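Bear in mind that the values here come from a model prediction, so they are computed numbers and not experimental data.
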Amino acid sequence: MRTLRFLAAAAVVAVGTTPVLAQDLNERLQIHGSLNAAYAQSDSLPSFGIPKTGTTNYRAFVLQFRYQLSDDDAIVTQFLNRRLGNSPLQAANPDVQLNWAYWQHKEGDWTLRAGRNPLPRGFFNETRFIGTVLPLYRTGPSVYGETFETIDGLVLSRRADFGAGFNFEGHAFAGGSRINVLFPQGNTVGLVDIRLEKFVGGQVFLTTPIPGTRVGGFFGTYNVGSVNPYRQNTYLVSAEAVYDRAFFRAEGTRFWHSESSIAGRPFNEQQGNRIDYLAGYVQAGVKPLSKLTLITEFNSSRTKIFLPEIPIPNVGPTRFPEAFQHDIDAAIGASWAINPTTVVKLEGHQARGYAYDVPVISVAPGFAGTPPALRPVTNINPWRRNRYVIASLAISF
């Protein structure tokens with residue numbers, strides 16, 4: 001009898017506390033999501049995963065969960081489903097990946113994050129998949145690419161008001177990240193997916209007294225490779241002016257090697273390629289109507305590839321000249337905001353250079369007798385012109 005009374009009392013308590021628990025969960029848990037889906041078609045060679053036949057397999061869907069542990073602490077996770085059309089880069093992107101997973105603590109103007117964080121880099125790194133805040137389907141690909149999305153480690157941030165209209169935002173980070181890019185290799189276009197460790201650096205932004213304007217800078221240095229690793233540095237500078245009816249934005253970045261673990265040997269004498277990458281984009285837009293935005297964007301990138309000494313049978317060690325390639329992408333587009341959380345976009349691009357998803361063999365006469373794997377990259381993929389269009393729908397909640 002006592003047991004029955006105890007169970008009945010426990011049931012009453014459970015029923016009475018269920019709404020309280022549900023209310024508490026509702027107050028502490030926030031769920032956000034975004035879908036950026038597109039149809040894309042190229043008129044020539046496939047690039048950025050866009051084939052000549054067209055594809056609807058082009059999207060980014062993110063689902064974010066934020067649980068408030070206390071007034072100052074939170075746990076944030078974000079899942080990503082990414083489809084890149086026919087791009088070989090898809091092999092580095094599982095159907096569902098854990099994009100973010102970090103603990104966050106706030107103390108006044110300071111914030112500490114630990115885990116897999118969005119890497120503080122440039123204007124759009126944290127929002128690169130949120131179509132409702134991107135002017136185009138993909139903004140600044142020459143600067144952001146498919147790399148440096150996150151950092152596994154620590155990020156320490158601070159915001160401060162300097163007065164007189166100046167506001168400061170600074171971040172310092174340490175941990176590891178990854179790079180995945182396409183790279184011509186002999187008769188194929190290969191996927192380079194490598195881990196970067198001992199990655200340290202920071203970013204600062206300064207908002208000026210001129211309304212809507214801010215400038216910033218980013219620096220990072222990290223190890224590349226596990227056998228004979230070398231240090232590589234990367235820089236990024238940012239500037240924008242955003243007004244009610246117009247905006248202008250520009251960012252530029254550079255990657256290059258800094259030091260080697262092979263003492264006494266310059267980079268071009270080591271067994272492996274070294275890259276000097278310089279890129280940037282400029283973007284401008286106007287709003288003739290409150291819901292309509294017209295956008296133009298120009299991307300440019302220059303890549304120098306320093307080739308090592310390569311032994312050739314019956315010839316001996318051979319030093320090839322630096323391989324060089326230049327890519328540009330010019331775009332015009334329009335977006336229509338059906339409402340603040342639903343935006344449709346149409347954009348056209350003209351690209352020139354070497355950035356496409358399949359190899360096109362074209363051997364310079366001077367390398368006709370050289371094995372394909374030993375020819376400089378720019379003699380494997382020749383300069384080409386390509387046009388493509390993207391029609392997209394962006395929804396966020």
Taking a hydrophobic cluster as the set of Ile, Leu, Val, Met, Phe, Trp and Tyr residues connected by side-chain heavy atoms closer than 4.5 Å, whether directly or through intermediates, do [X] and [Y] fall within one such cluster?
X      : Y      : result
Phe248 : Ile210 : no
Val237 : Phe219 : no
Val242 : Val282 : no
Val181 : Tyr281 : yes
Phe168 : Leu156 : no

Is there a donor-acceptor contact under 3.5 Å linking the side chains of [X] and [Y]?
X      : Y      : value
Asn339 : Thr341 : yes
Asp357 : Ser47  : no
His105 : Asp72  : no
Asn223 : Glu197 : no
Arg59  : Asn36  : no
His326 : Thr303 : no
Gln350 : Arg387 : yes

Mind checking whether [X] and [Y] have side chains closer than 4.5 Å, heavy atoms only?
X      : Y      : answer
Phe247 : Arg249 : yes
Glu251 : Leu236 : yes
Phe255 : Leu278 : no
Thr53  : Gln41  : no
Glu169 : Asn167 : no

Using 0.5 Å steps for rounding, measure from the [atom1] atom of [X] to the [atom2] atom of [Y].
X      : Y      : atom1 : atom2 : answer
Ser34  : Phe397 : OG    : CZ    : 8.5 Å
Ser392 : Leu35  : OG    : CG    : 10.0 Å
Ile50  : Ser44  : CD1   : OG    : 12.5 Å
Leu206 : Ser238 : CG    : OG    : 12.5 Å
Phe166 : Thr207 : CZ    : OG1   : 10.0 Å
Phe173 : Arg121 : CZ    : CZ    : 9.5 Å

Step by step, would you call Ile31 with Leu63 a side chain to side chain contact (heavy atoms under 4.5 Å, CB included)? CA-CA 7 Å; Ile31 302 176; Leu63 190 61; 4.0 Å; yes
For a quick test of reading the model, state the closest non-hydrogen atom pair linking [X] to [Y] and the distance between them.
X      : Y      : answer
Thr55  : Gly85  : OG1-CA, 4.1 Å
Asp43  : Lys52  : O-CE, 3.7 Å
Leu80  : Ala60  : CD1-CB, 4.5 Å
Leu136 : Ala331 : CD1-CB, 4.3 Å
Pro288 : Val286 : CD-O, 3.4 Å
Ala351 : Asp329 : CB-OD2, 4.0 Å

How would you list, by chain and number, every residue that makes a side-chain hydrogen bond (donor to acceptor under 3.5 Å, both in side chains) with Arg66, sequence neighbours excluded? none
Could you go step by step and tell me if Ile295 and Ser335 meet the side chain to side chain contact (heavy atoms under 4.5 Å, CB included) rule? CA-CA 8 Å; Ile295 309 109; Ser335 69; 4.1 Å; yes
Tell me whether Arg245 at atom CZ has more than 12 heavy atoms from other residues, nucleotides or ligands lying less than 6.0 Å away. yes
Counting neighbours of CD1 on Ile332 that are heavy atoms of other residues, nucleotides or ligands and sit closer than 6.0 Å, is the number greater than 12? no
Partner residues of Ala279 under the side chain to side chain contact (heavy atoms under 4.5 Å, CB included) criterion, sequence neighbours left out: Ser142, Thr253, Tyr277, Ser301
Just to verify, what does Thr132 make a side chain to side chain contact (heavy atoms under 4.5 Å, CB included) with, not counting sequence neighbours? Ile130, Val343, Ala394, Ser396
Salt bridge (Lys or Arg N to Asp or Glu O under 4.0 Å): pairs with one or both residues in residues 283-297, sequence neighbours excluded: none
Which residue pairs pass the salt bridge (Lys or Arg N to Asp or Glu O under 4.0 Å) test when at least one of the two sits in residues 330-349, sequence neighbours left out? none
Tell me which pairs pass ring-ring contact (aromatic ring centres under 6.0 Å, His included) where either residue lies in residues 33-62, with sequence neighbours left out. Phe48-Tyr388, Tyr58-Tyr137
Could you work out, with ring pair (Phe, Tyr, Trp, His ring centres under 6.0 Å) as the rule, every residue matching [X], not counting sequence neighbours?
X      : result
Tyr144 : none
Phe79  : none
Phe205 : Phe123

Tell me whether the rings of Trp100 and Tyr102 are parallel (<30°), tilted (30 to 60°) or perpendicular (>60°). tilted
Once the angle between the rings of Tyr235 and Trp256 is folded into 0 to 90°, is it parallel (under 30°), tilted (30 to 60°) or perpendicular (over 60°)? parallel
With sequence neighbours excluded, what pairs up with Asp95 under the salt bridge (charged side-chain N to carboxylate O under 4.0 Å, His left out) test? Arg83
Return the set of residues passing salt bridge (charged side-chain N to carboxylate O under 4.0 Å, His left out) with Arg254 (not counting sequence neighbours), or none when no residue passes. Asp276
Walk me through whether Val200 and Lys198 qualify under side chain to side chain contact (heavy atoms under 4.5 Å, CB included). CA-CA 6 Å; Val200 295; Lys198 298 182 179 179; over 6 Å; no
N/O donor-acceptor pairs under 3.5 Å from side chains in residues 146-154, not counting sequence neighbours:
residue	atom	partner	partner atom	Å
Glu146	OE1	Arg82	NH1	2.9
Glu146	OE1	Arg82	NH2	3.3
Glu146	OE2	Arg82	NH2	3.3
Thr147	OG1	Arg178	O	3.0
Asp152	OD1	Arg116	NE	2.7
Asp152	OD1	Arg116	NH2	3.4
Asp152	OD2	Arg116	NH2	3.1
Asp152	OD2	Arg195	NH1	3.2
Asp152	OD2	Arg195	NH2	2.8

Check against side chain to side chain contact (heavy atoms under 4.5 Å, CB included), Val155 and Leu112: CA-CA 6 Å; Val155 177; Leu112 176 65; over 6 Å; no
